[in-house]
Amino acid sequence: MAVGVPKDVGRQAVPVAVRPDPRPITVTGIRPGLTVRGLGRHQIPAADWLCACGHHERARGRDRVTDLTTRACVDHCPHTEQHRRNAA
C-alpha cells in the first residue's frame with residue numbers, strides 16, 4: 001500500500017465507475033431491416049435484424065444466420081403482436 005494514501009480511496013471510486021450513464025443514447029440513421037454479410041468463400045456469415053420496434057438480434061455462423069433470416073419479419077413487428085397476445 002502506498003504511504004500517505006487513505007485506505008478508502010479505492011472504495012470510494014468503485015461505485016461511480018459502475019453506475020449507469022444517466023444520459024440516454026439515441027441512434028439515428030439506422031433503418032429497420034435485415035442485413036446479411038460474409039456470404040463469400042472462407043468468410044463467417046453474420047446477420048443483423050433491427051425491427052421497427054427497436055428490437056435487435058445478431059447472429060454469426062451459417063446455421064444461426066439461416067435461423068435468423070427465416071424468423072425475421074421486415075414488413076411487420078412480431079414483438080408487438082406477441083405482447084398483444086400475452087395481454088389478452
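Quick caveat: nothing in here was measured; it's all calculated off a predicted structure.
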Specify the closest pair of heavy atoms between [X] and [Y], including all atoms of both residues, with the distance to one decimal.
X     : Y     : result
Ala47 : Val36 : CB-CG2, 4.1 Å
Thr69 : Thr66 : OG1-O, 2.8 Å
Leu50 : His56 : CD1-CB, 4.2 Å

Rounded to the nearest 0.5 angstrom, the SG-CG distance for Cys73 and Leu34 is 10.5 Å
Here the gap from Glu57 atom CD to Arg71 atom CZ, rounded to the nearest 0.5 Å, amounts to 4.5 Å
Do Arg58 and Leu68 pass the side chain to side chain contact (heavy atoms under 4.5 Å, CB included) test, and can you show the C-alpha distance, the side-chain angles, and the key distance before you say yes or no?
CA-CA 8 Å; Arg58 176 172 286 160; Leu68 181 60; over 6 Å; no
Arg60 and Val65, any side-chain heavy atoms less than 4.5 Å apart
no
Would you say that Pro32 contacts Cys51 through its side chain, given a criterion of any heavy-atom pair below 4.5 Å between the two side chains?
no
Within 6.0 angstrom of Arg37 CZ, more than 12 heavy atoms from elsewhere:
yes
